[in-house]
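Because only heavy atoms are used, hydrogens play no part in the values below, and waters and symmetry mates are left out as well, while side chains stay in. None of the values given here were measured: they were computed from a predicted structure. When a residue number appears, it is its place in the shown sequence, counting from 1.
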Amino acid sequence: MQFTAEHEELRRTWRTVIDREINPYVDAWEQEGIFPAHAVFKKLGDAGLLGVDKPVAFGGAGLDFSYAMICSESLGHVNGGSVPMAVGVQISMATPALARFGSDDLRQEFLAPSIRGDYVACLGVSEVGAGSDVASIKTTARRVGGDYVINGGKMWTTNGTQADWMCLLANTGEGDTHRNKSLICVPMKTKGVQVVKKLDKLGMRASDTAQIFFDEVKVPVRNLIGQEGMGFVYQMKQFQEERLWAGAGTLQGCDRIINATIDYTRERKVFGRPLLDNQVIHFRLAELKSEVEGLRALVYRACEEYLAGEDVTMLASMAKLKAGRLRREVSDACLQYWGGAGYLWDNPVGRSFRDGRLGSIGGGADEIMLQIIAKLMGTLPKPAGK
């Protein structure tokens, strides 16, 4: 990709804000099990970082998606995955469909304050019985007069305990499961919205993840994003940006862990010589760095084709698959070279080991990515009788 001075300035801005407003507090937030999303998002909004690729009319910078990729990549400088994941939901998971298909009134009500950092957003897709299989969600939104009445529940909702609004995917009709769903903006303080509990996770400890119930929740029909029945299609488009975001967000995080491991093994002496002098270590780190650069080329190519208006479903799925697996590989390999120090709870490599495991599950599991890729290759078996 050809990066401009504007891209590089965006990188510098992110690095400055991360070094000043995020990294000094990450360890404390990890211990507390939550980070102050409103305070952090407001600082990011004030710095113009939450709407780089969103419409100018609603407070965004009106730039193309490559700038969102810079945001994702830059967040790899954060010493943990929790804040980057939460910010990713705000920028490239809960708001793209609203920005692209929402009415002006709806964008003014929900998108503009999200870009300013006044609102925290969450995405309501996954359910207890429907994670990667989006078509099987059970939450319903039936029309009653001028309202939707919502019943059901969502699971694994990032930002769920602090969010001001949810981009909710719900069934608004019967029939074809790919044509009976809609995306709806749901204020989280609406009567009947219940944050059941904050989930206790293996990693991403500072990111609040919630289980949420909806009991006869009424929201105006005007809160519908785009056309009724198009929610599945809109969500698939959002997934493409989410998966490209995941690929880009892995790059700097892997680089950071590899570089930290180089520094540690260079200083750590075993039998009178640096650990790094062992061929098995410096060769392995060279392999890992090569893999990161391979992922970078894939992500950048996918982004270029996305900007050109091409269908990047296969490339985005490949990037997501590779990113999840590579983050696990890098963290596991590097942790071994830190020895007992890497096994400590607050060690950055140990944290990466825990946080990075989610990459092969969230946003579509590895197996779903493989299924998508195989389908587009023409090698996925057809269901019996078809």
Student: Assess whether a salt bridge exists between Arg301 and Glu305, defined as any Lys/Arg side-chain N lying under 4.0 Å from an Asp/Glu carboxylate O.
Tutor: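 Looking at Glu305 together with Arg301, the answer is yes, because their closest N to O distance falls below 4.0 Å.
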Student: Could you state whether Leu123 and Met204 fall into the same hydrophobic cluster, counting links through intermediate Ile, Leu, Val, Met, Phe, Trp or Tyr residues with side-chain heavy atoms under 4.5 angstrom apart?
Tutor: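 No, Leu123 and Met204 fall in different hydrophobic clusters.
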Student: Tell me whether the count of non-hydrogen atoms from other residues, nucleotides or ligands lying under 6.0 Å of NZ in Lys218 goes above 12.
Tutor: no
Student: So that I can tick it off, tell me whether Asp46 and Arg116 are bridged by a salt bridge, with the cut-off set at under 4.0 angstrom between side-chain N and carboxylate O.
Tutor: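 No.
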Student: Can you list everything that forms a side chain to side chain contact (heavy atoms under 4.5 Å, CB included) with Tyr25? Sequence neighbours excluded, please.
Tutor: Trp29
Student: Just jot down the side chain to side chain contact (heavy atoms under 4.5 Å, CB included) partners of Lys43, sequence neighbours excluded, or say none.
Tutor: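 Per chain and number, Lys43 pairs via side chain to side chain contact (heavy atoms under 4.5 Å, CB included) with Glu21.
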Student: Using 0.5 Å steps for rounding, measure from the OH atom of Tyr264 to the CD1 atom of Ile257.
Tutor: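 With rounding to 0.5 Å, OH (Tyr264) is 14.0 Å from CD1 (Ile257).
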Student: Quick one: list whatever passes ring pair (Phe, Tyr, Trp, His ring centres under 6.0 Å) with Tyr234, sequence neighbours left out.
Tutor: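 Phe101.
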Student: Tell me if the NZ atom of Lys42 is crowded by more than 12 foreign heavy atoms within 6.0 Å.
Tutor: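 It does: Lys42 NZ has more than 12 such atoms within range.
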Student: Phe239: which residues meet the ring pair (Phe, Tyr, Trp, His ring centres under 6.0 Å) condition with it, sequence neighbours left out?
Tutor: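 Here no residue qualifies.
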Student: Crowded around Lys375 NZ? As in, over 12 foreign heavy atoms under 6.0 Å?
Tutor: no
Student: Keeping Ser182 on the side-chain end and Gly229 on the backbone end, is there a donor-acceptor pair under 3.5 Å?
Tutor: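 Yes; at least one donor-acceptor contact below 3.5 Å.
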Student: Taking only distance into account, with no hydrogens and no angle test, what donor-acceptor pairs under 3.5 Å do side-chain atoms of residues 248-255 form with protein atoms, sequence neighbours excluded?
Tutor:
{"residue": "Thr250", "atom": "OG1", "partner": "Ala246", "partner atom": "O", "Å": "2.9"}
{"residue": "Asp255", "atom": "OD1", "partner": "Lys289", "partner atom": "NZ", "Å": "2.9"}
{"residue": "Asp255", "atom": "OD2", "partner": "Arg296", "partner atom": "NH2", "Å": "2.8"}

Student: Using the side chain to side chain contact (heavy atoms under 4.5 Å, CB included) definition, which of the options Val193, Thr172, Val219 pairs with Ile150?
Tutor: Val219
Student: For Thr379, what residues pass the side chain to side chain contact (heavy atoms under 4.5 Å, CB included) criterion, not counting sequence neighbours?
Tutor: Ala374, Met377
Student: Tell me every residue that passes side chain to side chain contact (heavy atoms under 4.5 Å, CB included) with Ser74, counting only those two or more places apart in sequence or in another chain.
Tutor: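 Ser74: side chain to side chain contact (heavy atoms under 4.5 Å, CB included) contacts with Arg11, Trp14, Ile70.
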Student: Is there a donor-acceptor contact under 3.5 Å linking the side chains of Glu216 and Asn151?
Tutor: yes
Student: Filter on ring pair (Phe, Tyr, Trp, His ring centres under 6.0 Å), then keep only pairs touching residues 287-318, sequence neighbours left out; what's left?
Tutor: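 Qualifying pairs: Phe3-Tyr300, Phe65-Tyr306.
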Student: Which pairs pass side chain to side chain donor-acceptor pair (under 3.5 Å) with one or both residues in residues 314-327, sequence neighbours excluded?
Tutor: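 Checked against side chain to side chain donor-acceptor pair (under 3.5 Å) - neighbours excluded - the pairs reaching residues 314-327 are Glu291-Lys322, Arg325-Asp366, Arg327-Ser352.
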Student: Which pairs pass side chain to side chain donor-acceptor pair (under 3.5 Å) with one or both residues in residues 332-349, sequence neighbours excluded?
Tutor: Thr261-Trp338
Student: Decide yes or no on side chain to side chain donor-acceptor pair (under 3.5 Å) for Asp105 and Ser103, but give the supporting numbers first.
Tutor: CA-CA 5 Å; Asp105 287 345; Ser103 68; 5.6 Å; no
Student: Determine all donor-acceptor pairs shorter than 3.5 Å in which one atom belongs to a side chain in residues 86-94; sequence neighbours excluded.
Tutor:
{"residue": "Gln90", "atom": "OE1", "partner": "Ala121", "partner atom": "N", "Å": "2.7"}
{"residue": "Gln90", "atom": "NE2", "partner": "Ser114", "partner atom": "O", "Å": "3.1"}
{"residue": "Gln90", "atom": "NE2", "partner": "Tyr119", "partner atom": "O", "Å": "2.7"}

Student: Hey, can you pull the donor-acceptor pairs under 3.5 Å for the side chains in residues 268-281, sequence neighbours left out?
Tutor:
{"residue": "Arg273", "atom": "NH2", "partner": "Asp277", "partner atom": "O", "Å": "3.4"}
{"residue": "Asn278", "atom": "ND2", "partner": "Leu275", "partner atom": "O", "Å": "3.0"}

